[in-house]
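I have placed the structure first, in the form of structure tokens, so that the comments after it can refer back to it.
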Amino acid sequence: MVILCLTLAVAVIPQTTLSQQIIPTVLVHGGAGDVSDATIPYKKDGVKVAARIGYATLKKTGSVVDAVQEAVKSMEKNAQFNAGYGGVLTWEGKVEMDAAIMDGATLDAGCVSIIENILHPISLARSVMENTRHKFLAGEGAMAYAREAGFQILPDGSLVTENSKLALENYKNSLNGTKPMVDWDEEPEIGDKIFGSPGTVGAVAIDAYGNVAAATSTGGITGKMPGRIGDTPILGGGTYADNNAGCVSATGKGETIMRYNVASRILGLIEHFGMTAQDATALVLEQMTERFNQTAGIISIDPKGNLGIYFTSRRMSWAYQRGEELHYGVDKGEDVVEIVGEPRINN
């Protein structure tokens with residue numbers, strides 16, 4: 001009888017201790033690249049709003065999956081970002097989107113690709129995760145499922161913005177109108193450098209008990225071939241979450257990120273070598289950039305609640321809320337702090 005009591009006591013202690021050590025946090029990014037000076041205030045406002053919405057959701061529902069979904073949704077409807085409304089255009093002038101969401105407690109995940117005319121692809125990804133026996137749907141099949149599941153299908157062109165049309169026009173002009181058949185990696189200056197394309201969006205979160213989640217959403221790259229899929233919906237590439245290792249959301253050159261399996265490499269260093277999220281993220285991104293001469297940005301959280309924020313691109317917009325503190329930045333070394341207060345919980 002005494003042994004049983006001791007066993008029960010030991011089983012309860014870790015969760016209590018963990019909840020006292022980890023501070024619930026929602027961390028978001030609004031894309032890495034050559035963010036123009038003129039757009040910086042709008043990028044900062046967008047990621048700050050997303051972090052606050054995600055954090056308020058976490059406090060209200062207690063769900064890290066809810067938190068990352070709502071944070072990403074706020075950026076999908078913001079034309080400053082390359083996701084949902086404002087997503088960049090294919091060569092033919094359409095918005096084709098990818099998204100993924102993952103629950104670190106269960107390793108359940110939902111991924112979608114080649115999504116058109118849906119404002120919130122991240123919500124479709126979650127629906128795939130929770131309401132189908134599959135983990136990844138794409139193209140016509142994903143759209144058919146969206147209709148069956150009751151998602152609003154917007155009229156053609158509803159997600160196209162003037163900025164995305166201008167970006168496509170500038171891209172075509174830079175190539176003299178000749179449709180490229182080479183890899184995007186062979187044209188590193190076209191895109192960010194020429195017209196400052198908006199960025200992929202993502203969110204990661206951790207609660208007091210070490211539960212983590214990740215979500216990423218994107219419109220891809222300007223002038224891409226129809227049907228192109230980047231790293232965003234590739235589990236272990238641009239998105240991953242596992243309570244044993246942490247969570248990651250990536251932004252940057254998708255073809256490179258998926259080839260280097262960036263998320264899995266980072267989480268492997270955390271889980272098996274005891275590195276912090278920041279150290280693991282910096283090491284993997286520097287190695288990737290050196291090997292491929294391509295840049296990217298990452299946000300991550302390790303199981304102890306340490307944050308990783310790192311980018312080899314010129315800039316990356318990011319923000320996180322932890323308690324009453326809201327941190328954000330765009331340039332390297334920047335970390336602005338605002339005291340915003342805990343969100344009100346409406347019962």
Side-chain angles (χ1 to χ4, degrees), residues 57 61 63-73 75-76 82-84 87 90 94-154 159 200-205 211-221 224-251 254-255 257-265 267-268:
T57 301
T61 70
S63 167
V64 286
V65 178
D66 288 348
V68 295
Q69 179 185 3
E70 292 304 316
V72 167
K73 283 176 64 178
M75 292 183 282
E76 286 178 330
N82 178 17
T90 66
K94 294 183 177 181
V95 178
E96 290 186 357
M97 301 166 287
D98 305 330
I101 192 167
M102 190 166 186
D103 183 347
T106 62
L107 299 189
D108 206 2
C111 310
V112 293
S113 289
I114 321 176
I115 301 304
E116 297 183 46
N117 301 324
I118 291 178
L119 179 59
H120 295 301
I122 197 65
S123 297
L124 181 60
R126 183 168 184 182
S127 182
V128 169
M129 177 177 75
E130 295 182 339
N131 300 313
T132 79
R133 59 192 177 94
H134 305 302
K135 302 306 172 192
F136 201 144
L137 294 178
E140 293 182 4
M143 293 304 299
Y145 169 72
R147 294 184 185 92
E148 293 174 3
F151 280 81
Q152 181 182 10
I153 310 300
L154 302 171
L159 301 179
T200 292
V201 304
V204 290
N211 296 306
V212 298
T216 316
S217 182
T218 189
I221 54 178
K224 65 183 180 180
M225 296 173 63
R228 178 265 187 186
I229 298 171
D231 67 291
T232 290
I234 307 299
L235 300 180
T239 307
Y240 205 79
D242 181 350
N243 283 7
N244 294 333
C247 47
V248 167
S249 177
T251 170
E255 282 73 11
I257 293 169
M258 73 168 82
R259 281 186 291 164
Y260 206 58
N261 207 14
V262 166
S264 287
R265 286 177 185 259
L267 297 181

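Atom-to-atom distance recorded for Met129:CE and Phe136:CZ is 15.0 Å, nearest 0.5 angstrom. Note that the OG atom of Ser249 and the CG atom of Asp231 stand 8.5 Å from one another [nearest 0.5 Å]. Separation of atoms CG (Leu124) and OG (Ser217) is listed at 10.5 Å; rounding is to 0.5 Å. Here OG1 of Thr132 is found 6.0 Å from OH of Tyr145. Values are rounded to the nearest 0.5 Å. To the nearest 0.5 Å, atoms CD1 (Ile234) and OG (Ser264) are separated by 11.0 Å. Rounded to the nearest 0.5 angstrom, Ser127 OG and Glu148 CD are separated by 10.5 Å.
Across Asn243, Leu235, Asp242, Asn244, a single residue satisfies side-chain contact (heavy atoms from CB on, under 4.5 Å) together with Leu107, and that is Asp242. For the side chain to side chain donor-acceptor pair (under 3.5 Å) with Thr200, the lone residue among Thr218, Thr216, Asn82 that qualifies is Thr218.
Nearest heavy-atom pair, Gln69 versus Ser123, reported as atom, atom and distance to 0.1 Å: NE2-OG, 3.1 Å. Scanning all heavy atoms of the two residues, the minimum distance from Ala215 to Ile101 falls at CB-CG1, 4.0 Å. Residues Ala213 and Val68 share a closest heavy-atom pair of O-CG1, 3.7 Å. Annotation for Val204 and Ala214: closest pair CG1-CB, 3.9 Å, computed over non-hydrogen atoms. Pairing each heavy atom of Cys247 with each of Val212, the nearest pair is SG-CB, 3.7 Å. Nearest heavy atom pair, residue Thr232 against residue Ala99, reads CG2-CA, 4.0 Å.
Taking a cutoff of 4.0 Å between a charged side-chain nitrogen and a carboxylate oxygen, Glu255 and Lys224 do not qualify as a salt bridge. Between Lys73 and Glu70, at least one side-chain N (NZ, or NE/NH1/NH2) sits under 4.0 Å from a carboxylate O, which counts as a salt bridge.
Side-chain contact between Thr90 and Met225 is absent, with no heavy atoms from C-beta onward closer than 4.5 Å.
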Report all side-chain donor-acceptor pairs from residues 112-119 shorter than 3.5 Å, counting only partners two or more places apart or in another chain.
| from | atom 1 | to | atom 2 | distance (Å) |
| --- | --- | --- | --- | --- |
| Ser113 | OG | Asp98 | OD1 | 3.4 |
| Asn117 | ND2 | Asp156 | OD1 | 2.8 |

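Listed by chain and residue number, Thr57, Thr61, Ser63, Arg126 satisfy the side chain to side chain contact (heavy atoms under 4.5 Å, CB included) test with Asp66 (two or more places apart in sequence, or in another chain).
Residue pairs meeting the salt bridge (Lys or Arg N to Asp or Glu O under 4.0 Å) criterion with at least one partner in residues 131-147, sequence neighbours excluded, are Asp108-Lys135.
At distances below 3.5 Å, at least one donor-acceptor pair connects side-chain atoms of Glu76 with backbone N or O atoms of Ile122.
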Inset, instruction - Please test Leu159 against Met97 for side chain to side chain contact (heavy atoms under 4.5 Å, CB included), starting from the C-alpha separation and ending with a verdict. - result: CA-CA 11 Å; Leu159 301 179; Met97 301 166 287; 3.6 Å; yes
